[in-house]
**Q** 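For reference, the structure I am asking about is given below.
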Amino acid sequence: MKITIIGSGYVGLTTGACFAEVGHHVVCVDNDARKVESLIAGQIPIYEPGLESLVKKNVASRRLSFTTSTEEGVNHGEVLFIAVPTPPQPDGSVDLSFIEKVAREIAQYLDSYRVIVDKSTVPVKTGERVTQTIRRYAKPGVEFDVVSNPEFLREGSAVEDLMKPDRIVIGGNSDRALAIMQKAYEPFVAPVLVTDINSAELIKHAANSFLALKISYINAISEICEATGADVQKVADGIGMDKRIGRSFLSAGLGYGGSCFPKDIAAFIAISEQLGVPFNLLKEVQSINQRQIDRFVALIREALWVLKEKKLAVWGLSFKPNTDDVRSSVAISLVEQLAEEGADVLAFDPKGMEKAKQLPIASKIRFADSALEAATGAEALIIATEWPEFAAVDLAALRDVMRTPLIFDGRNLIDPVAAANFGFQYRGIGRGILSERP
Ligand code: UGA
């Protein structure tokens, strides 16, 4: 089947590569000529496990190609996926100008029936606007259908999430379009949920905000644990063993970040307000998330008294492990606050260094080549991202290189008892038992 993806960012590129991998002929369109050039040369602009080899393999087998021409894309694909950015505006609502522009461009080149699929995360009722726009700008009488097909991939496991999804949601009002979508997804073994367009669009925002709610819920519990001496990890295990609740997304820490949750929660709040049904619960989710980082900085300040000129090692800059993405990373916000107070920050991240070095904060901190180098001579170690290699650190070697053995573990990666046994003073999140130097 011939498929076109318009927008070769995180979602578009991974979706295109996976559709090619299952045998479809995919053209990915992007208006960034330099990006298209490097993709043709097999260079992937993001770190995503398994993606580079998938792209190379499918480019070589001529099932995947890249172009800057929307016209070529519209002519090629029976199905046209829109996967362009939907960035936030200052009031939290979504900027839909890229979607609107692509809808006009598609309309301009539309000559025969196409299924136009919205894959970008959009507010409910966007499909209706895309339909109106295409109808307005297309040649009279040309046939098309608009479908919503939200994406649920996570950065760091995007290829796996796409190849083996929990579910595929297809929202549409036309049997013709739904049949074509079912065919496109036939090679993927996953339950397909067919809905109307508005429900499909809502599913995406409702899913992301529910996951953020779970994180803020356990983070709120972590505060109660700190006040009582209980251990949030044990509480999360205890409630997570209830199948109705589940253990995933119950890891307390510095809170959620990234290019999706903060933006989507703000958007969902804005949408609900525009609809006249304010979703106030989500405002509390946001404020708990902000409080986690504020409380953590207060904890560091309380222990170190003055942050100015303190040599602090920070492990982790990406918004989560297995990605180089530092957009809306809590680790970056944390480093910004520490630098603002005059701390001498030496940071390390296994994959996120290059992208962090392009941020304004780069001029105010220093970067190390390894985790241990960052910790050498440090008066405290701060763990900001849950990379597995940080969890596997040799605590004896770490203690030997640090000036003072103090760990602030913002992701509960280190075992507090082991840390205490190696002579560390340890502070985690929601772990009431404070490990002190024996
Ligand atoms: C999220 C969703 O999980 C995907 O299903 C969705 O497709 C994607 O957004 C999107 O809308 O495109 P992603 O942003 O890649 O995926 O990352 P997550 O794995 O969901 O993590 C988000 C944040 O929550 C990270 O900062 C992570 O550290 C934090 N988190 C996650 C916690 O603090 N605790 C947890 O228990 C889990």
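Both ligands and their constituent atoms are indexed starting at 1 by order of listing. Here, residue 1 is the first one in the sequence, and each next residue gets the next number. The analysis underlying the following values was restricted to heavy atoms, covering all of them including side chains, and did not include hydrogens, waters or symmetry mates.
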**Q** Within 45 degrees of the axis of the six-membered ring of Phe249 and under 6.0 Å from its centre: does Lys214 put its NZ or CZ there?
**A**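 No - Lys214 does not lie over the ring of Phe249 by the 6.0 Å and 45° rule.
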
**Q** Throw together a table of side-chain donor-acceptor distances under 3.5 angstrom for residues 184-194, partners on residues two or more places apart or in other chains.
**A**
from: Tyr185; atom 1: OH; to: Lys119; atom 2: NZ; distance (Å): 3.3
from: Tyr185; atom 1: OH; to: Asn149; atom 2: OD1; distance (Å): 2.5

**Q** Taking atom OH of Tyr217 as the centre, does the number of heavy atoms from other residues, nucleotides or ligands within less than 6.0 Å exceed 12?
**A**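 No, the 6.0 Å shell around OH holds no more than 12 heavy atoms from other groups.
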
**Q** How long is the span from the CD1 atom in Ile99 to the CZ atom in Arg129, to the nearest 0.5 Å?
**A**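 It comes to 13.0 Å.
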
**Q** Please produce the table of protein N or O atoms sitting under 3.5 Å from N or O atoms belonging to ligand 1, one pair a line, distance to 0.1 Å.
**A**
from: ligand 1; atom 1: 5 (O); to: Phe152; atom 2: O; distance (Å): 2.8
from: ligand 1; atom 1: 7 (O); to: Glu151; atom 2: O; distance (Å): 3.4
from: ligand 1; atom 1: 7 (O); to: Phe152; atom 2: O; distance (Å): 3.2
from: ligand 1; atom 1: 7 (O); to: Leu153; atom 2: N; distance (Å): 3.2
from: ligand 1; atom 1: 7 (O); to: Leu153; atom 2: O; distance (Å): 2.7
from: ligand 1; atom 1: 7 (O); to: Lys204; atom 2: NZ; distance (Å): 3.2
from: ligand 1; atom 1: 11 (O); to: Lys204; atom 2: NZ; distance (Å): 2.7
from: ligand 1; atom 1: 11 (O); to: Asn208; atom 2: ND2; distance (Å): 2.7
from: ligand 1; atom 1: 15 (O); to: Glu155; atom 2: N; distance (Å): 2.7
from: ligand 1; atom 1: 15 (O); to: Lys320; atom 2: NZ; distance (Å): 3.3
from: ligand 1; atom 1: 17 (O); to: Lys320; atom 2: NZ; distance (Å): 3.2
from: ligand 1; atom 1: 19 (O); to: Lys320; atom 2: NZ; distance (Å): 2.8
from: ligand 1; atom 1: 26 (O); to: Gly257; atom 2: N; distance (Å): 3.0
from: ligand 1; atom 1: 26 (O); to: Phe319; atom 2: O; distance (Å): 3.0
from: ligand 1; atom 1: 28 (O); to: Glu386; atom 2: OE2; distance (Å): 3.1
from: ligand 1; atom 1: 33 (O); to: Arg411; atom 2: NH1; distance (Å): 3.4
from: ligand 1; atom 1: 34 (N); to: Ser251; atom 2: O; distance (Å): 3.0
from: ligand 1; atom 1: 36 (O); to: Leu250; atom 2: N; distance (Å): 3.3
from: ligand 1; atom 1: 36 (O); to: Ser251; atom 2: N; distance (Å): 2.8

**Q** Please check if the number of heavy atoms outside Glu340 that lie under 6.0 Å from its CD is greater than 12.
**A** no

**Q** What is the minimum heavy-atom distance between Leu96 and Pro123, and which atoms define it?
**A** CD2-CD, 3.8 Å

